Amino acid sequence: GNIMMFGLRKGYLNKTKLKKRMNRSYHTAVPHILSSRNIRQFIDGKDTFMFDCDGVLWKSNNLIEGSIETLNYLKDMGKRIIFVTNNSTKSLTKYQQRFLDFGFECDREDIFSSSYATAAYLQSINFKEKVFLIGASGIEEELSLHGIDYFKLDKTPYYKYSDQIIDDIPDIEVGAVVMGLDINLTYSKIATGLHYLRNKNCIFVVSNLDYALPSINGSLIPGAGSMASMLQCASGMDPVLVGKPGPIFYDIITSKIGNIDKDRTCMVGDRLDTDIHFANLNGFDSLLVLSGVTSEKEMRKTKHPLNSPTYYTRTLHDIMKFS
Amino acid sequence: MKTRAEYAQKLKDLGDDHVSEDDVFTSSYTIASFLNDSGFSETVYLIGSSGLAKEFEKQGIKYIKHDGENSLSVDGVQSVALDDNIKAVVMGNDRAIDFGKIGFATRLILEKNCDFYATNLDSTWVTPTCILPGTGSLVSWLSTAVGRQPIVAGKPSNVIYEILVSRTGLNPQRTCMVGDRLDTDILFGNSNEMKSMLVMTGVTNEEELQGSKIVPQFKTFCLGDIKRFATNQ
């Protein structure tokens, strides 16, 4: 699909830097299936494992079998475990607690959510103005922690007449409209965001553009990307994408943990256009697990070279089972 | 959105002595007519205004609409059983849009392969005092989630053209579309072999006109010019 990736306003990423990054990007021919024959070489060849969470470790509130055991197995081997998730609804503290509840101990510093990345990005561009936020408590907590001033609209009534919507928009100087997943999204919130974006100095930032999310019954429900598309369409503006597969997320991660050896790093995820694309764009191997949203058929059908994984396997537990 | 009768009444109140309901073609009327013409006999899931619902009622098409008390929660969207009788999703402007409606429609389209229609795809709705999100922006919540574009009933789609021709018997070569939007009105006229006239009293300004690939055949400042020029005033 169409992924709008780059900030066009305050020029976080210029075209030359982008070209350099792309030239280093990793194009694999055909994905290799993980098996007991290549598993040792695979594990021994990596020091750092980046894990997506939804569809890899768990599905909604249910743990995927063997995922936590595999995390502990790799950690006991001395591997660096980092979590990179596009989910913007929880803060890092909540994530850390969730891992603990499930049986895996980690530092907050090893967890990177798009909520954290959004706040860190704004901090990195020295953003000192006010944010109008359409999103969940995860982004709110991270914005507060990073000292970024924001406000939200909580209850928006149904307005019979259009002028009433405009009358109720807070008359504040807004420097950025930030969007993440908001299950309480309303027409008024989008109208308000549109109003602020009409100021040429106001930037548009999104935590992630995942169009749909897996639902409890195995189907899909609308994601943050589908919500952000409303404001994209109305404003005609492409947002700055902070989350995977955008390059900003990688920069946020390395600025916190330092440079990593790309040759000895692997991203494990279930989505081709976010997790796998993220790995390829930034120049390291990827492992697609089929326990999430992507089927083997979809993996083989993908036309975009940056969406093709280095390795694939049925589920994360295979890493442990094969070795 | 108003019904055809309401539009006709509005014009009558403003002094139009010749207009009747049959002269008014709204996208709601168009989509309902299109479904009837194509033999649709099942149920539609409607996202839109009461005007859209009234049109479906008037044309005898069964529909389900969520609002207020029966709107679905996030959990409800995921656990609710999908009615097998719903074969199409129709979306129009809905300022009471919410996750429940879009989530339910997403499931219908992805799980039940329902047809997907929209009344129009205008990205913005320009009022005298402000610019608001248009139906097109609301529809993109659903179309992006399902990875599919809707069949559009309104301009510039030829769905409304087919309905127009079948109901009025118009001759396109002797018909002129007068409008203020290039990507709907003028494109509609041009792509259906009608004449097109752009008025500058609406959303399009000179700069946009010069920069656009869509070229109206005629242009004038306002509709009143037609009479003024014709009667030499």
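Naming convention: chains lettered A, B, ... in sequence-line order (proteins, then strands); numbering from 1 in each chain. What you see is a predicted model; the values in this text were computed from it and never measured.
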**Partner chain B: residue of A:S215, A:A212, A:S229, A:G223 with the largest heavy-atom pair count (under 4.5 Å)** = A:S229

**Fill in**
Cut-off 4.5 Å, heavy atoms of chain B, and the answer for A:L185 is both

**Contacting region of A:I183 [heavy-atom separation from chain B under 4.5 Å]** = both

**Prompt:** What orientation do A:F132 and A:F151 show, parallel under 30°, tilted 30 to 60°, or perpendicular over 60°?
**Reply:** tilted

**Request:** Could you label the plane-to-plane angle of the A:W58 and A:Y95 rings as parallel, tilted or perpendicular, counting under 30° as parallel and over 60° as perpendicular?
**Result:** parallel

**Asked** Out of B:L121, B:T127, B:I131, which one racks up the most heavy-atom pairs below 4.5 Å with chain A?
**Response** B:I131

**Pairs of heavy atoms under 4.5 Å with chain A: top-ranked of B:T124, B:D94, B:L138** = B:L138

**Item:** Contact origin within B:L110 toward chain A - heavy atom pairs under 4.5 Å
**Value:** side chain

**Message:** What part of B:E111 gets within 4.5 angstrom of chain A, counting heavy atoms only: side chain, backbone, both, or neither?
**Reply:** side chain

**Prompt:** Could you go step by step and tell me if A:E141 and A:K90 meet the salt bridge (Lys or Arg N to Asp or Glu O under 4.0 Å) rule?
**Reply:** CA-CA 8 Å; A:E141 285 180 52; A:K90 300 188 205 2; over 6 Å; no

**Message:** Regarding A:R300 and A:E296, does a basic nitrogen lie under 4.0 Å from an acidic carboxylate oxygen?
**Reply:** yes

**Request:** Taking only Lys NZ, Arg NE, NH1 and NH2, and the carboxylate oxygens of Asp or Glu, determine whether B:K12 and B:E21 approach each other closer than 4.0 Å.
**Result:** no

**A:D273/A:N307 under side chain to side chain donor-acceptor pair (under 3.5 Å): CA gap, chis, key distance, verdict** = CA-CA 6 Å; A:D273 61 352; A:N307 286 356; over 6 Å; no

